[in-house]
Amino acid sequence: MKLFPSPTTRRRFLRTLALFIGVMGTSLANLLPVLAKWTPSRLRPPGALEEEEFLASCIKCGQCVQVCPVQALRLADLTDAAGLGAPYLKARHQACDFSCDVLQCILACPTGSLSPHISKKEEVRMGLAKVVRPEACLASQGLGFKGFARGSQFPGMLRYTEIDRWNPLPVNTHPYDLDLCDLCVRQCPIEHAISLQTLDGKRKLPVIHEACVGCGTCEMICPVEPTVIVIAERKTWEKP
Amino acid sequence: MKGNLKTLGVMLGHDPEKPKTISPEAQTIYLAQQCQKKDVAVLKKELETLRKGHHPKKWRSRRWTVLILINLLFTLSFGLDIQLFEGSLIASRVLGFHMADLYSALQVVLAYREMSINLLIGTVTVLLMWALLGGRAFCSWVCPYHLLAEWAETLHVKLVEKKWVSDHPVHRGLRTVFFLVFALLAFLTGYSLFNSMNPVGIVSRALIYGPTLAMIGVVLILLFEIFYSRRAWCRYVCPMGLTYGLTGVVSPVQITYHLSECQHEGVCLTVCEVPHVLECVKKNRAEHPQMDIGVDCTLCGACVDVCPTHSLRFEVKGVMK
């Protein structure tokens, strides 16, 4: 018995096989970089589940992106392979400053990828702030800061509660004049997450505490270039 | 019921079969047509006159308007912050109602093994909606990739006419295989793999959140369709389309075929995205004088637009005839 009744069906079978291998190959090639952790480590939105569960459950609809009042969230592109379409933040560009108060992204998430069990900003754990360049810190040199935190071109937003309780304002509309720079502590939206520790005399250095949720506001507002303080994604608090 | 259960097998990949018996009523019509056999030139002229004075792109205009309007509403909802259609075609809140694409939701549920109540509500809403509106009508009336693929198809057909390229068909059962394999992979790997490479999601998100590099992948698929295999993604790959097709089995919205007026000249077969659903328009293939065409039909209306004898019509069962 012949396997294929005609050369036409044989060729169609081969094409079918080729298309199957092509599509499956592409999708598995997408998975490999994620499994091998070649894809960039991302700061995920508040409430995000563990990375593997997060990528499994995220349906890639972007509703979280739409509700964020400071538009902190963006969707991953090809660089994230199988993580394509999942939301993340670049804290230096736009941190999550909790200006929505009620964690809008978690409320908007249809799949529970951003955990509905978290209802207060204090419960969020996106990562942990870390002072990576203490020597460059203005406070550690006893220096003050005058002007716009990130220059006049910076597009980032932040809620200045004392000016407008409800709406975040562009950082470049809010000049500072400080004897000693304490922007990271001053703008932190979480109580007792960060404080200045005296080194000697006027010199001080920010210290991170257990309450830190990893929102990245300190990383965004730090006026030193490159930033002194960064968020370690998904890192949890350990006793020093 | 849309079509009948036999056409479900055809959607899943079976080749359409000749009917085993033809009803006496249909036989009479076939016989009458045989007797009045006309000269081809005369018939052509007749069809030509019939075509005159009828809007050749009526359903296409309506469909494109709906498709563009829906996608535009998504884009504007975010762009202008009018919040009518939040999210994208993969999952959204339309006027506050949760909606979720069925196959994307299935991927999530299999990979994550949990289903949130909002996702359940969204899935059931969409299931009921398309079971009512006609299953794969989602494809041709809403899906933005479908529109791009239609333009690619026009180009492909032109190139075929010039004999620069030819169509390379693939076995239609492959789509069913993809449906199962992607579901299995989601369950086994714990990653919703199809969701990250779904061109429908990529196009919908690009329209709403701005262009992405991932659109390169979509362009590659379109090039494949233009130069190698006509409508390859929708016909042979998209498990999303198959899922909507399955919901359409019970749909009352239908394109029906009326044998008595048909001249069997077959223009409808040349314009159809899924010509296997139109098997009954071929001579001696219609079991009854009136047939519902298969469940794989996307209700695009191309055949209705092109049919000179009005033998193919939109119909809503139990509402209009």
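In what follows, chains carry the letters A, B, and so on, assigned in the order in which the sequence lines appear, proteins first and then strands, with residues in each chain numbered from 1. Just so we're clear, the structure is a prediction, and the values are computed from it rather than from any experiment.
Between chain A and the residues B:Glu86, B:His168, B:His98, the largest count of heavy-atom pairs under 4.5 Å involves B:His168. When each of A:Arg11, A:Arg12, A:Met24 is scored by its heavy-atom pairs under 4.5 Å with chain B, the top score falls to A:Arg12. Counting heavy-atom pairs under 4.5 Å between each of B:Phe224, B:Phe182, B:Tyr236, B:Phe194 and chain A puts B:Phe182 at the top. Residue with the most contacts toward chain B among A:Asn30, A:Thr26, A:Val23, A:Thr9: A:Val23 (heavy-atom pairs, distance under 4.5 Å). Options A:Ala18, A:Ala82, A:Pro116, A:Gly112 differ in how many heavy-atom pairs under 4.5 Å they form with chain B, and the most are formed by A:Ala82. Chain A forms the most heavy-atom pairs under 4.5 Å with one residue out of B:Ala214, B:Gly122, B:Ala232, B:Ala111, and that residue is B:Ala214. Between chain A and the residues B:Asn118, B:Asn195, B:Leu174, B:Ile117, the largest count of heavy-atom pairs under 4.5 Å involves B:Leu174.
Using a 4.5 Å cut-off on side-chain heavy atoms (C-beta onward), A:Glu238 and A:Leu128 make no contact. With a 4.5 Å cut-off on side-chain heavy atoms, B:His171 and B:Val177 do not count as touching. Contact of the B:Tyr209 side chain with the A:Gln66 side chain is registered, since non-hydrogen atoms from C-beta on lie closer than 4.5 Å. By the 4.5 Å heavy-atom criterion applied to side chains, B:Val274 and B:Arg172 are not counted as neighbours. Contact check for A:Leu183 versus A:Tyr176: side-chain heavy atoms found under the 4.5 Å cut-off. The side-chain heavy atoms of A:Cys96 and A:Pro46, taken from C-beta on, include a pair separated by under 4.5 Å. In this structure the side chain of A:Leu31 reaches within 4.5 angstrom of the side chain of B:Thr189, judged on heavy atoms.
The distance from atom CG of B:Leu110 to atom CE of B:Met115, rounded to the nearest 0.5 Å, is 10.0 Å. The distance from atom OG1 of B:Thr123 to atom CG of B:Leu128, rounded to the nearest 0.5 Å, is 10.5 Å. Taken from CG in B:Leu246 to CZ in B:Arg136, the straight-line distance is 10.5 Å, to the nearest 0.5 Å.
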**Message:** Does B:Asp15 form a side-chain contact (heavy atoms from CB on, under 4.5 Å) with B:His276? I'd like the steps, not just the answer.
**Reply:** CA-CA 8 Å; B:Asp15 286 330; B:His276 48 273; over 6 Å; no
**Item:** Derivation of the salt bridge (Lys or Arg N to Asp or Glu O under 4.0 Å) call for B:Glu153 and B:Arg230
**Value:** CA-CA 6 Å; B:Glu153 187 182 21; B:Arg230 182 173 174 179; 2.8 Å; yes
**Asked** Does the pair B:Glu150 and B:Glu273 meet the rule for a side-chain contact (heavy atoms from CB on, under 4.5 Å), with working shown?
**Response** CA-CA 9 Å; B:Glu150 268 183 270; B:Glu273 177 194 334; over 6 Å; no
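When the shell of 6.0 Å around CD of B:Glu17 is examined, it contains 12 or fewer heavy atoms from other residues, nucleotides or ligands. Residue A:Lys121 qualifies as enclosed at atom NZ: its count of foreign heavy atoms under 6.0 Å is above 12.
A perpendicular orientation is assigned to the rings of B:Phe138 and B:Trp130, their planes being inclined by more than 60° (bins at 30° and 60°).
Judged as a ring-ring contact (aromatic ring centres under 6.0 Å, His included), and not counting sequence neighbours, the contacts of A:Phe13 are A:Phe4.
By a heavy-atom distance cut of under 4.5 Å, A:Glu52, A:Glu53, A:Leu55, A:Ala56, A:Ser57, A:Cys58, A:Ile59, A:Lys60 are the residues of residues 50-60 of chain A near chain B, going up by number. Near-neighbour residues of residues 84-91 of chain A relative to chain B, defined by a heavy atom under 4.5 Å from a heavy atom of that chain, comprise A:Leu84, A:Gly85. Within residues 156-171 of chain A, no residue has any heavy atom under 4.5 Å from a heavy atom of chain B.
Neither the backbone nor the side chain of A:Leu14 comes within contact range of chain B; no heavy atoms are under 4.5 Å apart. Heavy atoms closer than 4.5 Å to chain A are found nowhere in B:Leu89, neither backbone nor side chain. Using a 4.5 Å cut-off between heavy atoms, B:Leu120 does not touch chain A at all. With a 4.5 angstrom heavy-atom cutoff, A:Leu17 does not touch chain B via any of its atoms.
For the pair B:Arg113 and B:Phe187, the distance from NZ or CZ to the six-membered ring centre is under 6.0 Å and the angle to the ring normal is within 45 degrees.
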